[in-house]
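Here is the structure we will look at.
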Amino acid sequence: MAMEKTFNASEAEPRISAMWEEAGAFAAGANRSRDESFTIMIPPPNVTGALHVGHAFNNTLQDILIRWHRMRGFDTLWQPGQDHAGIATQMQVEKMLAATGQPTRAELGRQKFLEKVWEWKGQYGGTIVDQLKRLGCSCDWNRNAFTMAGAEGDPRVGHENSPNFHDAVIKVFVEMYEQGLIYRGKRLVNWDPHFETAISDLEVENIEVAGHMWHFKYPLAGGATYTYVETDEDGTVTLSEERDYISIATTRPETMLGDGAVAVHPDDARYAPIVGQLCEIPVGPKERRRLIPIITDEYPDMSFGSGAVKITGAHDFNDYEVAKRGGIPLYRLMDTKGAMRSDGAPYEEAATVALDVSKGLKELTISEADALNLVPEELRGLDRFEARKAVVEQITSEGLAVMVTESYEEEGETLTRRVPYVENKPIMQPFGDRSKVVIEPMLTDQWFVDAEKVVGPALEAVRSGEIKIMPESGEKTYYHWLENIEPWCISRQLWWGHQIPVWYDEDGAFYCAATEAEAIAQSGGKTLTRDPDVLDTWFSSGLWPIGTLGWPEDTEEMRRYFPTDVLITGFDILFFWVARMIMMQKAVVKESPFHTVYLHQLVRDEKGKKMSKTTGNVIDPLEIIDEFGADALRFTNAQMAALGGVLKLSKQKITGYRNFTTKLWNAARFAEMNEAVGSEGTVPEATAMVNKWIIGETAKLRETVDVALEAYRFNDAANALYAFVWGKVCDWYVEFSKPLLLDGDAATRAETQAVMAWVIDQCLVLLHPIMPFITEELWQTLGTREKILAHTDWPSYGSALVDPAADSEMNWVIGLIEEIRSVRAQMHVPAGLKVPVVVRNMSVEAQAAYEGNEALIKKLARMDALHSVTDFPKGTAALSVTGAEFGLPLADIIDVDAEKARLEKSLGKLAKDIGGMRGRLGNPKFVASAPEDVVEETRANLAEREEEEGLMKAALQRLADL
RNA sequence: GGGCGAUUAGCUCAGUGGUAGAGCACUUCGUUGACAUCGAAGGGGUCACAAGUUCGAACCUUGUAUCGCCCA
């Protein structure tokens, strides 16, 4: 049965996948031969997800580690699963409903809508699993988990064997609540007006956009005036005028309606005369303008704008802090959609109450202030950006905008006019990372994790080295965030998610319990209503390491596989997920969930740009697998995985590694054609130097690969394998073996077959973690095996197999062949022509090396005979080889000028090297301070180079005689 | 503004103190019995710049320039 010339990936991959699956090859503990476990938790892709290049990269690295450990006999588990992805999934299903003409979410109601989501999940939730299988991921697919498993409505499709994740989430919430780590509060949170839910700080993207800064006058109450004085650095007065207003700059005029105060810096002399007075918000019905106090606070920056800041505690995070410090009421202006409120009492009524508050006649509770709608009737119900326009217009038309003089051209003349002072300037605006709409700081009741209370052990775990974050720069980022951590808002006003286990009675008192029955019992038998909100998706994925192993039950898996070992994930979710997992596992089971975190960058296109649909530079890993095979993509991923490096994926690179699979295939094909198959796995005995040499090289490779993988240097492992297979086995060993296999005696032939078979097998074994498909296919094609390759033992041989004599002899042979080829090419000797070689002054070692390998030297250098001479004939090109003076007698063909140029060039290079080495050795300080082996090596090197130089010089001399 | 990182061959990037590397691209040659998805040979680099530490610096220190990323 002759092998095909190339590996047919599209035919073989599904077949091999099926074989692995049937064999249960990836089950937890498969091929286990020792006690240590090795566990990786997959970063659960969104259940809505489709495989993109980032997943492909990330999962390739995980699979490499998993397969490597499984082959080494560890009790290995790669835990797969999906994340329920609250917002993303709810969005996807709503889209589907709209596209298929079904009732909307609101029309369906909560229960029916959730049924639709579960249905959708059953239908499409397995997509990513199939795609990961195509990549060759050796997860224990029977254990596939889901972060919503066991929640209400779960029909258990696609994660039938996963534990009851929901119970774990609820238990943790209740426990953390009882420990005082979770609390409910009315706080300013990031509100997404599109999804009408609170989101966490991390889900907000601050993007710089073109914005405006308006300057308005807030008139002083009762027409009061003061002298406004500006001075320069020296204290010289630069401006002094009577004012009846205070000037305020704002980028958000629509929030003026909710102002509770104007703040100035306590050191700001300009406003000292009016601190404590009231001023008027210059918007709203003229007869009912609200008055607010002018207060002092450290927050305003005296050099920014006018130095005076309006304080809208309910719509700005900085103002919120000022308002809390100053006891300023928080007036909410918008509804959940980001429109101006239209609820509550008429403006006049609300404004009257607010005025009493400003005057100190009345105090409001937070809820009372929140109930007050201070939006004037004509603005109620308007979108916030419409309201902004209306407010600006109103103020300007009333003459309360700060005016500046602007010059303009008209009919060739330069004229001036007075215009409102509006600065065009870039401002940072918050956007929802999912909805892409402007986020509104909003005062709402939410649930929070008191992050400050759980952050300590998480910080300590990394500081103490219990958890190592790679690359190290990740640790700095981690510290920086955790040291400045804010409360984590975990409630979401969504339907798809873990519903918060809290029930309220009619009086608003609440009871936190795992079940409704327990809550009722707590309440003393009252009628209760459950909190409609669900938990942030990241709250549940934060429990991934234990929830997937059956916690809170005391399971066999928990005991065997927890704590897990390595987490491989993208840099972008260090805070979202990694830090929170550490915090939560520390809080719940008092252990670090893993000992190593490997963070990688985003996978980009070949130019380093982010892949995006709009740019059109998206590479679809499934198309790549179709075209080049999964192994080529995987090898490319491994090869580009330099720690901390930018990941640039190009089709050209993938093509190159696809070619590498072909190269490997053909080396195996050569072995098969020469019956060099059927290795027993034990290192073969060898007598021929060639065979001893390649065995030693293989041993070095195994060490290099293990050292690289141990250090998560996937690129080093991949590059070493590539260099070995292509540069050592294919370029040299296969060629060396030909004379032995074709013309050698029976014993040599048998030995070489055995060694070749072993070497190819070792290539397959060592390459398997990176390229599982082609190696498995070849493994089973080349012999009848006891075990599949995925379960074959990883070798442990090492440098003891290196034979120094074989090593130096073969390197000498390679050097000689390369030198002959080089001279031939530069002298333009026809490629097919066999040439004689002359030699003199051959050392014993050189003679032995030559004679031991004459057949293959002759073949690979295309030489016909070696003649010993006492003097080189005229027109002989000298070879730069140690241990003997070799030459190519090319009297008829030699191009004297070309040969002179060649010699001079190599002499130039030699002179540079020799100069450097002599300089160093001539420096007594070098000899005194440098390590002995460095000095020794330099001496030996120098001697060698000097010998070469002598040969070249003599050759040049001979040319001159021609 | 704060933090982190990068700058090495035409391109993409390895290289943590001891002779500057790989892949691709390029040039020349090749129907050599595994492979043209191939083989052989070759050209190509003041390691961003400046100063310092050192016997010795692409590598360590400081500064400068340029470019990224994260956070405000």
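Just so we're on the same page: letters track the sequence lines, and every chain starts at 1.
Within 4.0 Å of Ser929(A), counting heavy atoms only, lies at least one base atom of the nucleic acid. Residue-level contact check: Asn923(A) touches the backbone only, with heavy atoms under 4.0 Å from sugar-phosphate atoms and none from bases. Among the atoms of the strands shown, none is found under 4.0 Å from any heavy atom of Pro471(A). If you check every strand for non-hydrogen atoms under 4.0 Å, Arg824(A) touches nothing. No contact: Asn674(A) has no heavy atom under 4.0 Å from any strand.
Using the Watson-Crick or G-U wobble rule with both distances under 3.5 Å, G17(B) pairs with nothing in any strand shown. Across all strands shown, G42(B) forms a Watson-Crick or G-U wobble pair with C26(B), both key distances being under 3.5 Å. Here G68(B) sits opposite C4(B) as a Watson-Crick or G-U wobble pair (both hydrogen-bonding atom distances under 3.5 Å).
One can place CE of Met827(A) at 14 Å from C1' of C29(B), the figure rounded to the nearest angstrom.
Aromatic ring pairs are classed by plane angle as parallel below 30°, tilted from 30° to 60° and perpendicular above 60°; the pair Tyr722(A) and Tyr657(A) is perpendicular.
By the neighbour-count criterion of 12 heavy atoms within 6.0 Å, atom CD of Glu452(A) is sparsely surrounded, having that number or fewer from other residues, nucleotides or ligands.
His265(A) and Asp297(A) are not linked by any side-chain donor-acceptor pair at a separation below 3.5 angstrom, with hydrogens and angles left out of the test.
Donor-acceptor pairing under 3.5 Å, judged by distance alone, is absent between the side chain of Lys5(A) and the base of C35(B). Side-chain N/O atoms of Glu735(A) and base N/O atoms of A34(B) include a donor-acceptor pair closer than 3.5 Å.
The minimum heavy-atom distance linking Asp631(A) with Ile774(A) is given by the pair OD2-N, 2.7 Å.
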